[in-house]
Amino acid sequence: MASNHIGTLDDDKWWNESTTKGFNFGDESDSIGEEDSSFFGGHHEAATKINLELRAEVSSLRSFASDGSSEDHSEIQRIRDLPAFLWSDTGTIEKELEKPIISGSAPLAHDLISRDLGEGRLHIPQVDETIHQFLISSDAVILEPYKSYSQKRQLLSKAVEINDGNAILGVTMFLSKSLRPSLFRQLLMEFKPATEHYIRFLETRNEINHLVDLLNMLGRSKEALLLRYKQILRRAGGNLQNLLKDLKHFSSADCQLSDEDVVLFINQHLMLLDIQKEIKEKKDTLFPHTEYSSVLGTLGFVAEHFYENTTPQLNVDSIKQKFNLNSKQYAWVVLHALVKQQKWPQIETLLLTKSWLGGTKDKCLLPLEDVCFSLKEAPIDLISRFLRLIDDYDKRLTIARKLKCHMVVLDVYAAQKDRAAILTYRANLEENSKEAVYADNTLKNASIKWKN
Amino acid sequence: MPPDIGLIRGVSRENLSRALRLKRGKKILIIDSKLTATLDLIANFRFLQDHGVEKVFQLEKCGPPQPIDSINQCLYLIRSDLMSARLVCDQINSNLNRNVQMTYGVIVVPRLLHVISTLFESEGIYEHVTLGQYAYELIPIEDHVLSLEFDDIVAQLWLHKDTSYLAPISKALFNIRGIYGDFSHVVAVGHYSQNILRMQVEYERIYTNNLKAHNRQESDIPTLIIVDRDIDFVTPMMIPLSYEAVLDEIFGIKGRIIMLGSEVTGKEPVKHNIPNDKVFEKVRNLHFSQVVSYLIAQEKETRRLQDGSAGLNLQQMKKFVSTDLQKIQALKKMLVLHFGAFDAILHHKKVNLKKLVDLQDNIIDNVDNKETINYLEDAMARSFDATRILRLFCLSSLAQDGLRDSKNLKTQFIQSYGYKHLITLHNLEKMGLLYNFKGLEVNAKGMAQVVTKVASASPFSSSATATAVGSPSSKTVHISPQAILKKSATPSNIMVDLVTANHSSYIFNGKFSPFVAKLTEEVLSVLVAPKMNSALAERKIDDHLKGYHIPEKLTSVKFKATSEAYGRGRNALVFVVGGITRGEVAALQTIGRNIGFNIICAGTDITNGTKIINLATTS
């Protein structure tokens with residue numbers, strides 16, 4: 001039963017009730033092109049048809065869940081015969097202080113060591129055995145008896161040698177407490193894995209100041225900067241004011257002397273925040289700056305709300321210059337904003353450039369195919385204009401058919417002198433529509449030498 | 001004969017029940033939400049109930065526990081992660097302050113770290129908790145796929161360089177030896193794989209008596225091939241084209257469940273359970289282009305079966321309705337689902353599979369680089385899915401000796417997706433997945449670069465061979481993804497047939513095989529070769545490894561000297577440290593089929609490029 005599954009506890013109801021009644025493929029009309037169909041196996045149309053038939057037949061889908069298989073007895077016996085080191089008794093250490101470990105419950109060598117603590121002389125366990133205790137994650141590792149520097153060093157060396165993170169970090173922390181900072185640092189420098197584990201530990205403990213110092217000492221200033229930056233982002237949460245304040249301080253205090261290229265980006269981020277602040281002041285205080293947190297996001301917002309604005313701050317062109325955006329980035333973002341506002345005439349000005357010396361053909365900044373699809377909702381004339389710029393007839397035809405730009409389709413057929421194709425296409429057009437009339441006129445055109 | 005996978009399942013359960021006994025009697029269980037799916041693969045809710053669990057809460061969502069119906073024992077099940085441990089401390093402290101009378105047990109999965117017990121000590125609540133640990137065995141996701149479900153292992157090992165998960169990996173493999181017998185042949189490639197073998201020696205010392213008492217002559221799984229993910233990061237960055245892998249790429253597969261969204265089902269999303277799907281069993285390894293033909297054929301077959309009922313008499317009809325019809329209906333439901341999935345993939349709004357496959361093929365072939373850059377620029381300007389973009393960045397870096405025009409591309413990425421991704425890009429660099437192009441860029445503005453590079457490359461400086469910052473060079477030993485790719489390319493004398501999937505490279509349209517698959521093929525071929533003694537076999541495999549230009553320090557080949565031919569069962573375990581991909585599983589199955597082996601595919605988790613990139617991404 002599904003309800004037996006732990007991971008699906010929340011979903012029980014959902015699971016049992018979930019039914020599948022039919023499939024919705026949305027718009028069936030946009031079938032895939034010729035070239036695609038070989039890639040996808042070539043049976044796509046047939047598959048869709050069958051699927052439609054099938055979905056009428058299948059009414060509901062019951063919930064499925066495998067129930068936990070019952071273990072048979074022979075298996076239990078075979079499991080019992082397996083070696084003892086598989087069983088976790090040794091790992092599950094009873095260790096409430098009231099009941100100390102009963103000696104003998106774990107018959108392993110490592111548990112027989114160093115129990116005579118506290119009576120006179122300390123018994124110093126072998127380095128190997130201590131590391132073994134770390135390896136099996138025993139909770140009873142005792143490091144305090146290691147007083148001499150050479151033994152401490154030996155411990156770390158062994159931990160690093162077998163590369164067990166538990167041992168490395170355990171020993172490193174012990175060393176940080178029991179050695180003077182300069183000695184400790186010396187060991188860190190010598191044993192790189194120890195450094196890495198210590199760094200990770202400080203980061204999870206959120207001891208950022210300490211960590212930044214350490215990274216700088218190690219010459220990893222880029223990481224130090226990014227760490228601070230990350231901390232600032234996290235601390236500010238969604239608050240623009242705080243982020244701006246903290247980042248400004250950071251930029252003037254920590255970034256000044258650094259020649260890392262991240263500083264460049266951090267300063268740009270500041271610039272962007274200034275623009276976002278401006279938007280909040282001008283437009284409305286509810287500007288969702290976290291949603292538009294990127295440069296292009298902000299550009300899109302400005303293009304959508306301040307397109308005609310010419311004030312130096314909130315102006316698409318000034319943003320383009322400030323962040324040194326290329327024409328592609330600019331054109332795509334502004335195009336989407338203009339489509340949203342249905343500012344169709346502006347789109348032509350945005351995308352089309354007259355070719356040299358007043359040539360008749362326009363040039364488009366962006367890939368025409370994608371532009372045409374972006375203009376799905378635009379007036380048909382505008383789409384047609386872009387469609388006609390596609391040189392490849394077949395490509396133009398496929399897209400024009402998908403976007404239902406009938407005139408363009410007819411023109412392509414006419415150019416290919418394909419009378420039969422026009423006749424077939426004509427049959428699907430609405431009688432007396434502009435397009436139908438256009439088709440008829442094309443067919444009557446005496447200057448075309450039809451091939452069929 | 002394949003090994004009895006039920007055994008490891010049994011061991012995992014037995015140890016879970018021991019762990020749950022940390023608090024005897026009735027108790028409340030509070031579980032780290034990242035563990036629920038994993039636990040689900042090991043035991044069901046009834047199992048927990050049988051061990052006294054009355055209620056289950058999620059750690060991140062519930063507040064400090066309260067006694068319920070006089071149950072005042074609380075057992076936490078958390079991952080070995082300092083953050084989760086801190087949450088537990090906070091809850092217990094809060095209860096102590098408010099004088100709530102409860103006792104607490106904390107089970108850490110897979111191991112109780114020293115820092116965690118130290119945390120409990122420093123929080124002053126050490127005497128209030130009983131600490132324990134639970135390490136499950138490799139989890140059989142299916143008969144031929146085992147996983148440790150360590151989902152963030154790539155970040156641990158290659159981003160944070162935290163090696164505390166190596167011991168659980170090594171112990172899991174040590175336990176495999178305990179359950180199925182010792183390995184006779186071990187081939188390991190990669191830094192961490194060497195560490196894992198090294199730890200085996202330590203475990204042997206720790207459990208020496210135990211091992212002796214349990215010496216088995218014959219092994220069910222004589223061969224272990226273990227490889228680090230970073231030897232081949234190219235493969236996960238690629239979209240593999242087996243049907244299962246594509247489903248995973250588009251919808252996501254977790255454990256044994258495919259998450260099918262409303263675009264497939266037409267209504268609410270469905271958690272589709274793989275073991276119940278007979279159709280999936282048949283199509284999962286097909287090349288994506290072959291799936292529809294199969295589905296159509298199946299549909300015709302069910303139609304034929306159903307039509308067979310036409311001439312039946314009443315009695316026969318009754319039987320038909322009660323038995324066959326149900327089966328046919330169930331089959332049909334599955335067919336509908338897969339037709340739906342196929343259709344959804346074709347018309348997916350966010351992932352243009354065809355385009356992405358074309359791009360990755362071009363990157364591998366090192367052709368049309370300008371077009372690739374053009375696509376990336378457009379895609380970023382249009383704010384397409386950031387993870388896909390980064391996968392292509394990384395694929396280019398690895399397959400082409402660095403990302404071309406990387407300064408511009410990285411700037412544009414940050415401008416499109418936000419400045420916080422400065423950290424993401426840095427993380428990818430640190431993991432060795434992203435680095436600047438090291439060759440000479442030949443384009444208009446590249447000329448100046450060429451001149452300066454030539455000028456600075458004096459014969460005495462090492463700068464000509466020095467690698468970019470953040471490239472794998474930081475590890476002091478170099479792996480060349482390009483050299484590995486070159487050796488893994490499909491040999492020219494092999495005709496890869498996508499219909500029959502006759503070669504492991506079919507998942508990449510016949511271009512190359514994943515490294516782990518290629519290596520496995522080489523190792524197993526040597527093992528089954530006649531008149532091969534262990535010394536000779538070792539040398540042969542060493543020779544193969546040399547062809548990949550992997551530093552010797554990172555490889556080891558150890559065969560036991562036995563006179564016997566390859567052991568019974570012809571089973572081999574292939575393990576990827578850092579996660580195995582579904583494409584690799586499909587490729588390894590092809591190899592197993594071709595040379596007559598049962599290959600068990602295993603990893604620290606089942607992974608894909610998106611998962612890896614997301615681990616590096618700042619939220």
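None of these values were measured; they are calculated from a predicted model.
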Point to revise | By side chain to side chain contact (heavy atoms under 4.5 Å, CB included) - contacts of A/Asp261 (at least two apart) | key: none
Point to revise | Test: A/Arg220 and A/Glu196 ion pair at under 4.0 Å | key: yes
Study note, to complete from the structure: So, the part of B/Val291 with a heavy atom under 4.5 Å from chain A: the answer is neither
Review point. Of the non-hydrogen atoms in B/Arg86 and A/Arg205, which two are nearest, and what is the gap between them?
Key: NH2-NE, 3.7 Å
**Study point:** Contact class of B/Thr411 relative to chain A, heavy atoms under 4.5 angstrom
**Key:** both
Practice item. Answer yes when B/Glu137 and B/Arg13 have at least one side-chain N-carboxylate O distance shorter than 4.0 Å, and no when they do not. Key: no
**Study point:** Check: B/His287 side chain, B/Ser289 main-chain N or O, donor-acceptor pair, under 3.5 Å
**Key:** yes
Point to revise | Pair B/Glu202 + A/Lys158, salt bridge at N-O below 4.0 Å | key: yes
Exercise for review: Against chain A, work out which of B/Leu241, B/Asp81, B/Val357 has the most heavy-atom pairs shorter than 4.5 Å and name it.
Suggested key: B/Val357
Check your understanding: Would you say A/His269 and B/Ile414 make side-chain contact, with heavy atoms under 4.5 Å?
Key -> no
Review point. So which of A/Met173, A/Gln268, A/His336, A/Arg234 has the largest heavy-atom pair count under 4.5 angstrom toward chain B?
Key: A/Gln268
Practice item. Would you mind telling me which of B/Tyr203, B/Phe288, B/Tyr134 has the largest number of heavy-atom pairs within less than 4.5 Å of chain A? Key: B/Tyr203
Study note, to complete from the structure: The interface call for B/Lys300 against chain A, heavy-atom contacts under 4.5 Å, is neither
Practice item. With a 4.5 angstrom heavy-atom cut-off, could you sort out which part of A/Leu135 is near chain B: side chain, backbone, both or neither? Key: both
**Study point:** Ionic contact status for A/Glu129 with B/Arg205, cut-off 4.0 Å
**Key:** no
Point to revise | Pairs of heavy atoms under 4.5 Å with chain A: top-ranked of B/Leu166, B/Leu422, B/Leu113 | key: B/Leu422
Review point. Mind checking whether A/Phe85 and B/Phe174 have parallel, tilted or perpendicular rings, split at 30° and 60°?
Key: tilted
Check your understanding: Is there a donor-acceptor pair closer than 3.5 Å between any side-chain N or O of B/Arg111 and the backbone N or O of B/Ser164?
Key -> yes
**Study point:** B/Asp277 versus chain A, the contacting section by heavy-atom distance below 4.5 Å
**Key:** neither
Point to revise | Which portion of A/Thr298 sits near chain B, non-hydrogen atoms under 4.5 angstrom | key: neither
Point to revise | Pairing residues for B/Thr38 by the side-chain hydrogen bond (donor to acceptor under 3.5 Å, both in side chains) criterion, not counting sequence neighbours | key: none
Exercise for review: Quick one: which of A/Thr204, A/Asp164, A/Ile162 has the most heavy-atom pairs under 4.5 Å with chain B, could you say?
Suggested key: A/Asp164
Review point. Ion pair present between B/Asp358 and B/Lys354, side-chain N to carboxylate O less than 4.0 angstrom?
Key: yes
Practice item. Tell me, for A/Lys192 versus chain B, whether the close heavy atoms (under 4.5 Å) come from the side chain, the backbone, both or neither. Key: neither
Practice item. Return the option, out of A/Phe134, A/Phe323, A/Phe201, with the maximum number of heavy-atom pairs under 4.5 Å with chain B. Key: A/Phe134
Check your understanding: In terms of heavy-atom proximity below 4.5 Å to chain A, should B/Tyr419 be classed as side chain, backbone, both, or neither?
Key -> both
Practice item. Select one option (side chain, backbone, both, neither) describing which atoms of B/Leu295 are under 4.5 Å from chain A's heavy atoms. Key: neither
Practice item. State whether the side chain of B/Ser416 and the backbone N or O of B/Phe413 hold a donor-acceptor pair below 3.5 Å, judged by distance alone. Key: no
Point to revise | Which of B/Glu377, B/His426, B/Met83 touches chain A most, by non-hydrogen pairs under 4.5 Å | key: B/His426
Point to revise | Top of A/Leu264, A/Leu169, A/Leu226 for chain B proximity - count of heavy-atom pairs under 4.5 angstrom | key: A/Leu226
Study note, to complete from the structure: In terms of heavy-atom pairs under 4.5 Å with chain A, the winner among B/Asn374, B/Val108, B/Thr618, B/Ile116 is B/Asn374
Check your understanding: With chain B, which of A/Gly300, A/Gly297, A/Pro193, A/Gly170 has the greatest number of heavy-atom pairs at distances under 4.5 Å?
Key -> A/Gly170
Practice item. Counting only heavy atoms closer than 4.5 Å, note whether B/Leu82 contacts chain A via side chain, backbone, both or neither. Key: side chain
**Study point:** chain B contact via A/Leu227 - side chain, backbone, both or neither, heavy atoms under 4.5 Å
**Key:** neither
Exercise for review: Heavy-atom pairs under 4.5 Å with chain B are the metric here; pick the option from A/Glu203, A/His197, A/Gln329 that has the most.
Suggested key: A/His197
Point to revise | Salt-bridge criterion met for B/Glu299 and B/Lys332 (N-O under 4.0 Å) | key: no
Study note, to complete from the structure: Bottom line for B/Gln412: the part with an atom under 4.5 Å from chain A's heavy atoms is both
Check your understanding: Contact part of B/Gln290 toward chain A, heavy-atom cut-off under 4.5 Å: side chain, backbone, both or neither?
Key -> neither
